[in-house]
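Only one structure is covered here, and it is reproduced in the block below.
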Amino acid sequence: MFVPALLIVGLLSVQTIAQAQKKIKTIIIDAGHGGKDGGAHGGYEGGLNSWEKNITLAISNKLVAELQKELPDVKIVPTRTTDIYQSPPEKANIANQNKGDLFICIHADAVQLQTGRRQIGTKSIVRQDIIYIGKGKKRKKKFGKKYNEVVPVYEYYKIGSPRTGTSIWLFAAHKTTDKLDAIEKGGQLGEEDVQIDSTADSTMTNINFGDPRETRMLAQVYAKRYQEKSIELADLINDQIAATNRPALGVYQRQKGIWVLQATNMPAVLIETGFITNYNDERYLNSDAGQQEIAECIARAIKQYKDQVENSKGGTSSKSTPLPDTITDSTKTQ
């Protein structure tokens, strides 16, 4: 029986089919930046002069160890364990080739630093008066006497930002092309990946998995579900951060998109662990205790998420809507 494409989309949208509930078997942990890509820099006066790539690697390694301890039956795959450069496509490929069920990207945030100026001394310079004689085309410049003048000497420096806290970011819901492509290329769309609602008319949900148009439509359902699941996980991480003394800034979606999240065939979140351009945050992010606390917060949230996914009967319990990008951050390219 031929089923019109729009009818299938309508049926999908009201969940006459749903993604089969799966176990969380593989989790991908990505340490942002690396190698020649240092990421954000704590280059303000009084800062530690640290680089984001080193912070993300330290936190990611601790998170991997924590997850291996808490979830021994789950395969934990880090994208990198040393200071190497990986392009966003390489990171996404690692996640997709390992058939990850979750993608966790670790970053450190930054804002554009303001420049300060202060006087550090004086110096004497020679000046010379200039006198203009005549008018119009006959106007001529005549140099007067020279004299010494004492002027201030300034130095310029970068001012640390007051912005502090941890935020969680999602792929932009309105930019789904890369996500749909990743889902289709992942080769995971098939009859075994959907379950038909027992109350639905079987003649109205007879999907042809060999038809590219229908496959694309199914990919759209997956993309929507991945977005919902990403929000669910992001909320849990934010709650865990809020339970510490860290400012929990909430869940956002960056309007320009986050390529590496959109190119992964799974729910995906990016965690901006703190502001490397803030005095207190930078020290927290560089401390062993701070790194461990963040890793444990994320691990607890992932464990909660896994329990919810594997024990629920479908649907999502996410409680928030992704907000527009309100944090200025020109260093983020992934």
Side-chain angles (χ1 to χ4, degrees), residues 27-72 74-86 91 102-111 113 158 160-169 233-234 236-249 269-305 327 329 331-332 334:
I27 299 173
I28 313 299
I29 305 299
D30 174 43
H33 306 281
K36 65 180 182 180
D37 177 13
H41 180 220
Y44 57 94
E45 184 176 65
L48 300 178
N49 204 36
S50 60
W51 288 93
E52 180 180 7
K53 67 173 185 175
N54 300 321
I55 290 171
T56 62
L57 181 59
I59 294 174
S60 295
N61 286 341
K62 286 179 172 63
L63 176 57
V64 168
E66 195 66 23
L67 289 172
Q68 288 172 338
K69 179 179 70 176
E70 296 295 327
L71 303 174
V74 177
K75 180 182 178 182
I76 311 299
V77 180
T79 56
R80 69 182 180 98
T81 57
T82 58
D83 185 20
I84 60 171
Y85 172 75
Q86 294 166 313
K91 293 172 181 287
L102 276 180
F103 184 82
I104 311 296
C105 190
I106 306 298
H107 277 252
D109 219 332
V111 298
L113 296 174
K158 293 296 183 180
S161 167
R163 185 74 182 184
T164 182
T166 300
S167 58
I168 301 95
W169 296 80
L233 174 59
L236 291 172
I237 296 172
N238 190 68
D239 288 346
Q240 287 294 334
I241 295 296
T244 71
N245 291 325
R246 295 280 300 152
L249 303 181
V269 300
L270 184 150
I271 303 160
E272 297 283 12
T273 52
F275 283 81
I276 198 171
T277 46
N278 174 271
Y279 183 91
N280 291 325
D281 268 18
E282 186 185 19
R283 281 155 176 77
Y284 175 80
L285 295 175
N286 278 278
S287 71
D288 187 72
Q291 294 166 0
Q292 185 64 31
E293 182 174 64
I294 291 174
E296 290 178 2
C297 283
I298 299 170
R300 284 195 296 269
I302 291 174
K303 190 174 181 181
Q304 281 182 279
Y305 172 85
I327 299 178
D329 177 13
T331 66
K332 305 304 172 192
Q334 298 183 30

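Computed from a prediction, not measured in an experiment: that's the story for all the values here.
- Counting only distance, with no hydrogens or angles, the side chain of Q86 and the backbone of T79 share a donor-acceptor pair below 3.5 Å.
- Of the possible polar contacts, one joining the N286 side chain to the E282 backbone as a donor-acceptor pair under 3.5 Å is found.
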Could you walk me through whether L71 and I302 pass the side-chain contact (heavy atoms from CB on, under 4.5 Å) check?
CA-CA 10 Å; L71 303 174; I302 291 174; 4.2 Å; yes
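- Put simply, the side chain of E52 never gets that close to the backbone of H41: no donor and acceptor are under 3.5 Å apart.
- Without hydrogens or angle criteria, K53 side chain to A31 main chain gives no donor-acceptor distance under 3.5 Å.
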Assess the residue pair L233 and I104 against the criterion (side-chain contact (heavy atoms from CB on, under 4.5 Å)); give the C-alpha distance rounded to whole Å, side-chain angles, the decisive distance to 0.1 Å, and a yes or no.
CA-CA 10 Å; L233 174 59; I104 311 296; 3.6 Å; yes
Go through it in stages, so that I can follow the logic: the residues are L285 and I294, the test is side-chain contact (heavy atoms from CB on, under 4.5 Å), and I'd like the CA-CA distance, side-chain angles, deciding distance and then a yes or no.
CA-CA 9 Å; L285 295 175; I294 291 174; 3.7 Å; yes
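- Using a 4.5 Å heavy-atom cutoff, the side chains of H107 and W169 are not in contact.
- Contacts of N54 classified as side chain to side chain contact (heavy atoms under 4.5 Å, CB included), with partners at least two apart in sequence or in another chain: W51.
- Considering CG of L63 and CD1 of I271, their distance stands at 7.5 Å, rounded to 0.5 Å.
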Could you walk me through whether I106 and I298 satisfy the side-chain contact (heavy atoms from CB on, under 4.5 Å) test, starting with their C-alpha distance in whole Å, then the side-chain angles of each, then the deciding distance to 0.1 Å, before giving a yes or no?
CA-CA 10 Å; I106 306 298; I298 299 170; 3.8 Å; yes
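- Residues E45 and L113 fail the side-chain proximity criterion, which asks for heavy atoms closer than 4.5 Å.
- N49 CG: more than 12 foreign heavy atoms inside a 6.0 Å radius.
- Shown here are the side chain to side chain contact (heavy atoms under 4.5 Å, CB included) partners of R246, two or more places apart in sequence or in another chain: T164, T166, I241, T244, D281, Y284, E293.
- A heavy-atom distance below 4.5 Å is not found between the side chains of V74 and L67.
- For the residue pair R300 / Q240, a side-chain donor-acceptor distance below 3.5 Å is found, with atom types taken as modelled.
- Residue pairs meeting the salt bridge (charged side-chain N to carboxylate O under 4.0 Å, His left out) criterion with at least one member in residues 55-68, sequence neighbours excluded, are K62-D288, E66-K69.
- The CG atom of D37 sits 12.0 Å away from atom CD1 of I84, with the distance rounded to the nearest 0.5 Å.
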